[in-house]
Amino acid sequence: MTARLRQSLPAYLFLLPWFIGIVGLTIGPMVLSLYYSFTDYALLNTPEWTGLHNYSALFQDPRYLHSLRVTFIYVGVSVPLEMAFALAVAVLLNRGLKGLAVYRALYYVPSLLGGSVAIALLWQQIFGSDGLLNDVLGLFGIHGRGWISEPGTALWTLIVLRVWQFGAPMVIFLAGLRQIPDDVLEAAEVDGAGRWQRFWRVTLPLLSPVVFFNLVLQIIGAFQAFTPAFVISGGKGGPSDSTLFYTLYLYQQAFGNFRMGYAAAMAWVLLLIIAVFTGLNFVLGRTWVFYGDEGVRR
Amino acid sequence: MTRLTRRTLLGLGAATAAATVLPGCSGGKSLLRVSWYGPDPVTKALNTALTAWKSSGGVEYSAESAPFDDYWDKLATQTSGNNAPDVLRMSMSYFSDYAGRSALKDLSSSGIDTSGLDKDVAASGQVDGKNYGIGQSSISYAMYVDEAAVKRAGGTVPAQGWTWDKFAEFARDYSGSIQGSYGSSDQAGNFQLFEVFARQHGTELFSDDGGRLATSKDTVQEWFQYWADLRTAKAAPPQNVSAETTAIEKSLVAKGKAPLQFGWVQQVTFYQPLVKSPLSVLPVPQDTAGDLKGQFIKGLDLWCISAASKHPEDAAKLIGFLLNDEKAIKTIGILLGVPPSQKARDLVSADAGSAGARAIKYVEDIAGKVGPSPKPWPKGYGELLTGFGRIAENIGFGKTKPDAGAQEFVDLAGKTLGQ
């Protein structure tokens, strides 16, 4: 053993748990899953190599295409709404309100509970046909419906659930708003900019890196949404497949129908979709994300 | 105080790592894992039975239980990870998937005492000359009727059976007798009731080798159409109402909104506590009134030992205990189905007037009149079971028509069976 190795050995030993973790829990399973995606693997017997068959079968599977559509609607509608909500509340909370800390905590709580089963169950209670929402509507003489038991509305209750959990991006927006120097806003005010103008012309451009960061994270998160749909639909993606999220269908194929190879292929396609969206974000981001130091360079 | 050197710290770390990697080896004592599915009453009863097993000298055990749907996700994961429980409750819905993929142990020479068991039930786990499971109960499909509610509405349900036409007539007449009530719950998505319907139409549901659907597209279509007509006539509830009746306590019969419910015979004991008046247990409607050939009696739930079990002897002893011990029999009652031995049935039906006693009497009454039992359900049955329900739901919500739905199901069966 060389002296140098002896010296660095303790460091490697301390790093060992991390290495075991990344290889055993992340890299290993990923390599295996890539292999499985090229096989017919019924979970209880040994995988059989089938080449690209799983991938080509995916795009002839109407339920798969349907799950893609449901997921795109979910991402496309819930992320912008959630972002808008988070930003609006962050701007409100950024003002010197009394008891500000309490409000911040309160608004943040839903996202802490975010993926939890309890919240999804609560949602079931609220949007059921004899649930809270219909009770409230009843006070105004409106006859409600079974919001989560009808295919026309079930997905929307899940979108509302996501928007309601705007706390995490909001806290990041708040931090971003705190970074905007007061003197810039004051200068704008002196120049005669109104409240809206200051927001659109000063605050928002200066905040754009934070908006970008939140957007990337929220899109990735929304594509991976699973728990609420699983709990609310009892794992079925119903009613009538209206909440059949991508990840839910993947789960059904893997553990319900013993098609681990097919599910692995789905997972890799999802990875690709998320990569494309994230890449697109970065490309488009160049046109609207403004970093402070660019101003100095100009 | 001993000084904590780097070396002892590393040693400590290594020991902790070893301990976390080898949790099973800590005591060196056998720990038998037992798992089952079912609602709360089943779990309570089996826990009590296991306590009795322990106090009569059985080995240490750990119990796992889950609702039916979740159970299979978990078991598939455990089995593929070589970590399946030793003793497990197995449904005929998934039996072929597991037995056909060598996940279960052959019990032929396990020494489990099956001498008192009914022959059909004892043999229900046999595949290719091997015995992969032992029937824990015999069950049959049934209809539970809240006769008091029917009487109040001025109707009658014939105890000897009726045709599907008469049933539809009854359902139409009953509906609305109480505000928001329906003559029947919607059974369009009930694959198990459909099996009876298919047999009434002259064929088994599956071919003998399980490789294809034996019933025709026309029969599937007729079934979907039948329930669509009942929904149109408001004799069965609209789909959005049915969509909320998945749990037993939310069922229409429990809420007093329908006078009857369908299910496996033992499930009457899950519904009975939620309904005020006694539920009678009757045959399901027939093609020709009184002809019960469509129905069958069969062991549909089995006790199995996983192929990877390290304690097969103890596992076999436990299964023998659950089947033959008096205390176990009495605690389990008919929660798993009608007990598979005469001795057990006598012990359980001693409590006359209970829903359990009525269920047992029902099975004894129809025993000579039903048709032959079908073969074990084929590989892929679980997928067809959920697929049938999903297609029925799509029809109920008007997203597809009965004929297109029937075609979709036939295609699904073609793709899924014999894989």
Side-chain angles (χ1 to χ4, degrees), chain A residues 9-10 13-14 16-17 20 24 36 40-48 57 60-63 66 117 124-125 127-131 144-154 230-244 251-260 262-263, chain B residues 6 9-10 13-14 16-17 21 67 69-70 72-77 79-81 84 94 97-104 189 238-247 250 255 307 379-380 382-387 389-400 408 411-412 415-416 419:
Chain A
L9 193 64
L13 276 177
F14 277 107
L16 198 61
I20 294 173
Y36 288 151
D40 178 14
Y41 178 29
L43 208 55
L44 302 177
N45 39 0
T46 39
E48 241 172 83
Q60 290 155 25
D61 176 354
R63 286 191 82 209
H66 176 76
V117 171
Q124 217 169 15
Q125 294 296 318
F127 288 97
S129 68
D130 44 10
R145 53 199 285 184
W147 302 94
I148 53 170
S149 59
E150 283 179 41
T153 48
F230 182 82
V231 175
I232 286 179
S233 73
K236 299 211 161 60
S240 200
D241 278 353
S242 59
T243 61
L244 188 71
Y251 177 84
Q252 284 180 2
Q253 289 294 341
F255 297 102
N257 301 341
F258 302 102
R259 289 209 190 93
M260 194 46 91
Y262 194 72
Chain B
R6 197 167 57 191
L9 200 66
L10 283 176
T16 322
V21 176
D69 287 341
D70 302 340
W72 302 106
D73 300 345
K74 192 172 158 192
L75 186 63
T77 321
T79 308
S80 63
Y94 290 89
D97 277 310
Y98 283 83
R101 293 180 174 120
S102 331
L104 305 174
Q239 193 64 44
N240 57 351
V241 171
S242 301
E244 293 201 341
T245 58
T246 42
K250 288 185 172 177
K255 288 184 156 183
K379 259 188 215 175
E383 190 174 350
L384 294 184
L385 181 75
T386 50
R390 185 181 67 245
I391 292 166
E393 196 180 40
N394 284 338
I395 297 171
F397 278 121
K399 294 196 158 182
T400 179
E408 194 184 338
D411 293 345
L412 178 71
K415 223 172 58 184
T416 309
Q419 264 187 6

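By convention in this document, chain letters (A, B, ...) are assigned in the order of the sequence lines, proteins followed by strands, and residues within each chain are numbered from 1. Just so you know, these numbers come straight off a predicted model, no measurement behind them. Below, all heavy atoms of this structure are taken into account, side chains as well, without hydrogens, waters or symmetry copies.
For the atom pair OG1 (B:T416) and CZ (A:F258), the distance works out to 12.5 Å, reported to the nearest 0.5 Å. One distance of note links NZ of B:K415 with CG of A:D61; it measures 5.5 Å at 0.5 Å rounding.
A search for side chain to side chain contact (heavy atoms under 4.5 Å, CB included) contacts involving A:S149 returns B:N240, B:A243, B:E244, not counting sequence neighbours.
Here the closest heavy-atom approach between residue B:E393 and residue A:S240 is recorded as OE1-N, 2.8 Å. Residue A:F255 comes nearest to B:D73 through the heavy atom pair O-OD1, 3.7 Å, listed as atom of the first residue, atom of the second, then distance. In plain terms, the two heavy atoms of B:Y94 and A:G256 that are nearest each other are CE2-O, 4.3 Å. The heavy-atom pair separating A:L43 from B:S80 by the smallest distance is O-CB, 3.0 Å.
Using a 4.5 Å heavy-atom threshold, the side chains of B:Q239 and A:E150 count as separate.
Proximity to chain A involves both the backbone and the side chain of B:Y98, based on heavy atoms less than 4.5 angstrom apart. The contact between B:D69 and chain A is made entirely by side chain atoms (from C-beta outward), counting heavy-atom distances below 4.5 Å.
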